[in-house]
Protein chains: 2
Amino acid sequence: MSNASSTADDILACARSLIIAGGYNGFSYADIADVVGIRKPSIHHHFASKVDLVRTLVARYREEAQAGLAALERNVADPAEQLKSYIAYWEACIKDATAPFCVCALLASELPILPEEVALEVRAHFRSVSSWLASVMERGRRQGRLHLSGTARTEAEGFLATVHGAMLSARAYGDPKIFGTITRPLLDRLSTRH
Amino acid sequence: MSNASSTADDILACARSLIIAGGYNGFSYADIADVVGIRKPSIHHHFASKVDLVRTLVARYREEAQAGLAALERNVADPAEQLKSYIAYWEACIKDATAPFCVCALLASELPILPEEVALEVRAHFRSVSSWLASVMERGRRQGRLHLSGTARTEAEGFLATVHGAMLSARAYGDPKIFGTITRPLLDRLSTRH
DNA sequence: GCCTAGCTACCTTCCAGTAGGTAGGTGGTC
DNA sequence: GACCACCTACCTACTGGAAGGTAGCTAGGC
């Protein structure tokens, strides 16, 4: 194992950024081949089909996301600070434009035409992020660190939706700052010291 | 004029629902031809190119949206009720599944790979809806009918983002009810009688 | 006689995917 | 250590089909 065959990783990384730009039908094997510096059919050596490639890509994205949230749980004690860090992460992604959109949020918008195997992964991502958010909300309320208007679940869904919408607005306006403009009041409203 | 040539309208309507399902690259002329009951090249008689078709489609969508908002201004006096009606409109769209997503919100997610002519229309839609929302927020505050935490502009952007995110969540969970679950607290928070 | 709204037939380009080959490396066995 | 079997990671050449689009025809209406 170790840092073995980086080509497969390069293909995944390239496909990820192409999906972030234009979704499942927004890129081709030829696009990847050009960037990675490999011939088109060689991609099939690493991933049997496009569905296989994207399913793997989303599965890995989900692993990274889970790992990121787990790290947040370990390193940040306060629920309010956890939400702030989550927002700050995306704010940084959008600002430096490396990955200015959640892969699963983008794919979710195309769900009706997505291959079922990919769709399953995308739906699972929404469930796991929203249930993490709900657990943060619940803990924040118990500890008196977050002020919830409704149930933890409702607050979590509203939070996630606003973050996704803020990504979309940042893209639509071509202005990274709008993400912060939208999410800051969201955090303010939840934090107890208002 | 009058109810002339419905074929062009049929093509636009069909393309619209296909775009709502999977975005700009999620449909082809062949798909439209199948549904409309026409041969593929006949579409070119009505729309010179795919870009032309989609640009026309989005322009018409924008006109309808503007007309809808104007009707809301005419028929509903109270700003809080205007927001409620706006939400109710989308809730109905999502529930009966005829057009469960905003055309421009979906296209906005693919902005980086959209033809420039289409991208311009999409960006314009965001600006006009958000400026309408801002004017409703401002009026609501002046009339003491809406309780804003920040500026009218900020509230409008947050409102729009949450609505878009709620559409996405409804799609991701395959559950129309989640749209209401997310947007109801949004309205409650803004309405003065909380 | 011209316009409208279709049609068939065709073009080029691109798409994901396949077939079959090669160069270089690894491990096993006599 | 020579030979062999097998593997990985690519390659070239190609296929069938779908993409958007073009050329040129025809039937019917004002």
Side-chain angles (χ1 to χ4, degrees), chain A residues 1-19 21-60 107 110 112-119 121, chain B residues 1-58 60 107 110 112-119 121:
Chain A
M1 50 183 77
S2 71
N3 69 340
S5 161
S6 96
T7 305
D9 295 341
D10 289 353
I11 293 168
L12 286 171
C14 174
R16 183 186 291 198
S17 70
L18 289 170
I19 282 185
Y24 187 84
N25 288 307
F27 75 100
S28 75
Y29 269 36
D31 296 331
I32 294 173
D34 283 351
V35 175
V36 175
I38 215 178
R39 293 304 170 136
K40 198 183 56 164
S42 303
I43 299 171
H44 287 282
H45 175 72
H46 300 279
F47 304 97
S49 68
K50 191 178 182 180
V51 173
D52 189 51
L53 165 60
V54 177
R55 186 179 39 70
T56 307
L57 181 161
V58 178
R60 181 166 301 192
L107 290 175
E110 308 176 319
I113 59 153
L114 241 41
E116 189 54 29
E117 297 164 82
V118 176
E121 294 283 346
Chain B
M1 53 182 74
S2 71
N3 69 340
S5 162
S6 97
T7 304
D9 294 341
D10 289 352
I11 293 168
L12 286 171
C14 174
R16 183 186 288 199
S17 71
L18 289 170
I19 282 185
I20 287 170
Y24 188 84
N25 288 306
F27 76 100
S28 73
Y29 270 35
D31 296 330
I32 295 173
D34 283 351
V35 175
V36 176
I38 214 179
R39 294 300 171 142
K40 199 182 55 163
S42 303
I43 300 172
H44 287 283
H45 176 72
H46 299 279
F47 303 97
S49 70
K50 190 178 183 180
V51 172
D52 188 51
L53 166 60
V54 176
R55 186 180 38 70
T56 307
L57 180 162
V58 177
R60 181 165 301 194
L107 290 175
E110 307 175 319
I113 59 153
L114 242 41
E116 190 53 30
E117 297 163 81
V118 176
E121 294 283 347

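Nothing here was measured: the structure is a model prediction, and the numbers come from that model. The chains referred to below are lettered A, B, ... by the order of the sequence lines, with proteins before strands, and numbering in each begins at 1.
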To the side chain of A:S42, which of D:dC11, D:dT22, C:dA16 is closest? D:dC11
The nucleotide from C:dA19, D:dG20, C:dA16 with an atom nearest the side chain of A:P41 is C:dA19
By nearest-heavy-atom nucleotide on DNA chain C, the more 5' of B:H45 and A:D31 is B:H45
Integer-rounded Å distance: C:dA9 C1' and B:H44 NE2: 14 Å
In Å, rounded to the nearest 0.5 Å, how long is the span from NE2 of B:H44 to NZ of B:K50? 11.0 Å
Figure out the NE2/C1' separation between A:H46 and C:dA16, and round it to whole Å. 17 Å
If you take atom types as modelled and just measure distance, does the side chain of A:K50 reach the base of C:dG17 with a donor-acceptor pair under 3.5 Å? no
Counting any heavy atom closer than 4.0 Å, what does A:F27 reach on the DNA or RNA strands: base, sugar-phosphate only, or nothing? sugar-phosphate
Within the side chain of A:S6, is there an N or O that forms a donor-acceptor pair under 3.5 Å with the backbone of A:D9? no
So, do B:I43 and B:V36 sit near enough that their side-chain heavy atoms are less than 4.5 Å apart? no
Which whole-number value in Å describes the distance from B:I43 CD1 to C:dG6 P? 11 Å
Value in whole Å for how far the P atom of C:dG17 lies from OH of A:Y29: 5 Å
Atom CG of B:L57 and atom CD1 of B:I19: how far apart are they, to the nearest 0.5 Å? 5.0 Å
Side-chain heavy-atom pair B:F47, B:R55 within 4.5 angstrom cut-off: no
OP1 or OP2 of D:dC10 versus the side-chain N and O atoms of A:T7: is any pair under 4.0 Å? yes
Is there a donor-acceptor pair closer than 3.5 Å between any side-chain N or O of B:D31 and the backbone N or O of B:S28? yes
Output the rounded distance in Å from CG (A:L53) to C1' (C:dA16). 12 Å
Within this structure, what is the CG-to-C1' distance between B:N25 and D:dA19, rounded to whole angstrom? 11 Å
Do B:D10 and B:I38 have side chains that approach each other closer than 4.5 Å (heavy atoms only, starting at C-beta)? no
For nucleotides 25-30 of chain D, which of its nitrogen or oxygen atoms have a protein nitrogen or oxygen under 3.5 Å away, and what is each distance?
none

Just N and O in the side chain of B:S28: are any of them under 4.0 Å from OP1 or OP2 of D:dA19? yes
Would you kindly give the CD1-to-C1' distance between B:I11 and C:dG6, to the nearest whole Å? 11 Å
Picking from D:dT12, C:dG6, C:dA16, the nucleotide nearest the side-chain atoms of A:R39 would be D:dT12
Rounded off to whole Å, could you give me the CD1-to-C1' distance for the B:I38 and C:dT8 pair? 14 Å
